[in-house]
Novice: 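Take a look at the following structure, please.
Predicted model only: the values in this text are computed from it and were never measured. Just so it is clear, the values below take in all heavy atoms, side chains as well, and ignore hydrogens, waters and symmetry mates. Sequence lines set the chain letters: A, B, ... in the order given, protein chains first and strands last, and positions in each chain run from 1.
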Number of protein chains: 2
Amino acid sequence: MKPLSIKDIAKKANVSITTVSFILNGKAEKMRISQDMITKVEAIIKEVGFRPNQVARSLRTGNTNTIGLIVEDISNPFFAAIARLIEDKAYKHGYKIIYSSTENNLDKAKGLIRMFKSRQVDGYIIAPMAGMEEDIRELLSARTPVVVFDRHLPGLEVSSVLVDNIKGTYMATDSLIVKGMKNIAFVTVDVEVEQIKDRYKGYEQALKANKIEINPKLCKLISFNNTADETTAELTQFFTDNPEIDAVLFATNYLAVRGLFSFREMNKKLNGSFKVIAYDDHDIFKLHSPTISAVDQPIEEIAENVINFVLKELASVDSFEKKELNNVVLSSRLIER
Amino acid sequence: MKPLSIKDIAKKANVSITTVSFILNGKAEKMRISQDMITKVEAIIKEVGFRPNQVARSLRTGNTNTIGLIVEDISNPFFAAIARLIEDKAYKHGYKIIYSSTENNLDKAKGLIRMFKSRQVDGYIIAPMAGMEEDIRELLSARTPVVVFDRHLPGLEVSSVLVDNIKGTYMATDSLIVKGMKNIAFVTVDVEVEQIKDRYKGYEQALKANKIEINPKLCKLISFNNTADETTAELTQFFTDNPEIDAVLFATNYLAVRGLFSFREMNKKLNGSFKVIAYDDHDIFKLHSPTISAVDQPIEEIAENVINFVLKELASVDSFEKKELNNVVLSSRLIER
DNA sequence: TTGAAAGCGCTAACAT
DNA sequence: ATGTTAGCGCTTTCAA
């Protein structure tokens with residue numbers, strides 16, 4: 001049978017739908033509806049288990065209480081952890097999350113924004129990729145709350161939660177230099193986002209600061225579209241071709257994991273004369289023998305800030321104050337193991 | 001500025017909104033609207049980038065092209081991987097996924113169903129927990145497509161995608177016995193779902209079949225609400241108290257990971273005289289020294305079946321055929337390392 | 001071949 | 001203090 005509507009409730013209670021609507025929306029007080037009426041209607045609502053149709057409500061009010069989350073890949077542990085935390089907090093504030101992975105495909109990413117728009121999501125949380133600038137700018141000019149995190153697109157004035165990537169890799173590289181490493185390799189991925197480039201910059205700056213010449217041969221670029229096995233193979237090749245390498249810094253955790261597979265395949269010993277640091281921590285690095293050092297991003301803090309920023313913007317969206325941007329850069333931490 | 005509506009398009013094209021609507025929905029042919037008209041209207045739509053308001057459409061048609069996904073914890077790699085695959089396929093069929101984690105909290109789970117219902121999701125994909133029977137039954141009686149996966153609730157007639165858990169742990173236990181292990185421990189979690197109980201059954205049956213007496217002391221129950229550290233501590237205690245244990249089977253991958261942390265803490269050697277098998281594979285188990293055997297669930301197959309079942313039910317929902325249930329039990333595979 | 005108009009369930013301005 | 005009613009943007013029946 002069809003679900004009940006506000007009309008049915010009104011009929012059952014012998015009142016108008018307005019009264020029911022006011023009570024539903026907690027405006028009964030303001031409208032000075034009698035306490036008796038309120039109690040009676042609420043009883044009926046509870047009794048029949050009536051829940052207002054959100055779609056109709058959304059059409060009428062223009063908000064859906066839904067936040068769109070766009071990330072590269074929801075199955076990446078970093079994004080999965082953040083998604084979980086965000087979802088949890090959003091839920092407590094009455095918002096639902098609707099998400100999608102871009103798979104680093106610009107067309108899909110653009111499509112997602114359009115799709116979310118047509119579904120009238122109230123706000124966006126985006127780990128953006130290059131090429132989305134225009135789309136995001138459009139959202140902003142419609143005064144839609146948007147918070148980007150993890151990555152930043154240059155020239156975009158938007159609230160953001162970032163981690164200081166330069167500092168992260170700088171610390172890591174520096175720690176390797178201090179330990180006397182001479183040929184430090186850097187393994188990264190070919191996605192064109194500031195965040196990844198910054199990780200390279202940190203590496204570069206640390207070398208410069210220590211007057212070590214940068215050897216382009218020691219910087220390995222892996223294609224994002226590689227399968228896991230392809231990446232492992234490429235890395236094996238890379239380390240075989242460059243036996244002088246005595247330390248590696250990986251720009252992402254999944255690259256580091258592939259690296260560990262390579263080393264295992266090559267039977268390469270990780271010890272005082274061959275050191276590895278990963279970006280983003282992971283249980284694997286704690287359990288590996290030997291344990292692997294990592295640059296750790298503050299996942300909870302990221303999620304916390306992201307959701308706070310969106311909620312704040314969501315709350316101020318219909319006020320007339322000029323929207324202020326919220327920006328924060330968090331620090332990562334080098335965990336030496 | 002406000003987004004354009006179908007009215008604006010109609011005005012721009014000097015036609016009625018009906019015509020625009022027919023063209024939008026591919027019904028132009030059937031309504032025999034002239035090709036000229038179609039071309040003209042389509043050109044305008046493209047030019048101004050008009051996208052119909054899905055909320056209004058949903059209110060009118062009753063479908064939202066949205067599927068609700070309810071799992072225990074989206075940040076669990078098993079669920080994250082499945083969510084990603086499901087989301088991807090759903091997207092290709094024009095459906096969006098809206099998800100939420102129950103955190104093994106029945107109230108939250110029930111709330112989620114109600115919330116999804118009020119948002120008019122077209123179908124549900126649920127990894128259920130005990131206590132949801134009634135809510136799911138209600139959905140079914142409203143002819144709403146529902147597919148459960150990973151777990152099954154007894155006495156519920158619903159489409160399902162399961163893995164033979166009994167067989168999984170049976171194989172694992174048996175392989176340990178064949179290797180001459182005498183005191184095989186079983187570490188599991190206190191969530192009351194068939195799937196987890198089945199894993200215990202498989203363990204039990206294998207012991208029985210091999211005429212080994214079941215020693216309740218060797219079966220350790222961990223609370224789901226433990227923090228990671230608490231679990232590690234409890235496990236350390238457990239293995240210290242029961243030094244006769246020469247093999248362990250973990251009922252979930254995250255328990256196995258905690259176990260590995262314990263063993264590391266205890267400096268326990270994993271070798272021929274102490275063997276470990278995990279349920280659900282994970283990169284960690286491949287990289288660990290020594291590598292860890294695992295019962296591997298066919299994640300892709302699970303996702304594939306789940307989405308196919310929902311789509312199938314979704315397609316038949318307004319036909320009058322009696323809805324047929326789709327049920328499949330997939331096999332897991334013991335990966336011996 | 002196209003258009004007018006009803007109505008999906010709800011909110012809120014306006015009326016009483 | 002409570003009711004009437006216009007519309008949110010769209011689909012679809014019926015009429016022309």
Novice: If you measure from CG on B:Asn14 to CD1 on B:Ile44, what distance do you get to the nearest 0.5 Å?
Specialist: 8.5 Å
Novice: Quick one: do B:Glu47 and B:Lys12 make a salt bridge, cutoff under 4.0 Å?
Specialist: no
Novice: Looking at B:Asp88 and B:Arg84, is there a salt bridge between them, counting it only when a charged N and a carboxylate O are closer than 4.0 Å?
Specialist: no
Novice: Whole angstrom is fine here: how far is it from NZ in B:Lys11 over to P in D:dC10?
Specialist: 13 Å
Novice: List the atom of B:Lys108, the atom of B:Thr102, and the distance in Å for their closest heavy-atom pair.
Specialist: CB-O, 4.0 Å
Novice: Would you please say whether a donor-acceptor pair under 3.5 Å links the side chains of A:Thr19 and A:Ser16?
Specialist: yes
Novice: For DNA chain C, find the residues of residues 33-43 of chain A with a heavy-atom distance under 4.0 Å and give them by number; none if there aren't any.
Specialist: none
Novice: Can you list every side chain to side chain donor-acceptor pair (under 3.5 Å) pair that touches residues 113-124 of chain A, not counting sequence neighbours?
Specialist: A:Thr64-A:Asp122, A:Lys117-A:Glu138, A:Arg119-B:Thr66
Novice: I want to check one thing: is the phosphate of D:dA1, taken as OP1 and OP2, less than 4.0 Å away from some side-chain N or O of A:Thr19?
Specialist: no
Novice: Quick check on A:Lys89: does its NZ atom have over 12 non-hydrogen neighbours (other residues, nucleotides or ligands) under 6.0 Å away?
Specialist: no
Novice: Using a 4.0 Å heavy-atom cut-off, write out nucleotides 6-11 of chain C from 5' to 3' as B (base contacted by protein), S (sugar-phosphate only) or - (no contact).
Specialist: BBBBBB
Novice: How about CD on B:Glu300, more than 12 heavy atoms from neighbouring residues, nucleotides or ligands closer than 6.0 Å, or not?
Specialist: no
Novice: Rounded to whole Å, please give me the gap between CD1 in A:Ile23 and P in C:dA12.
Specialist: 15 Å
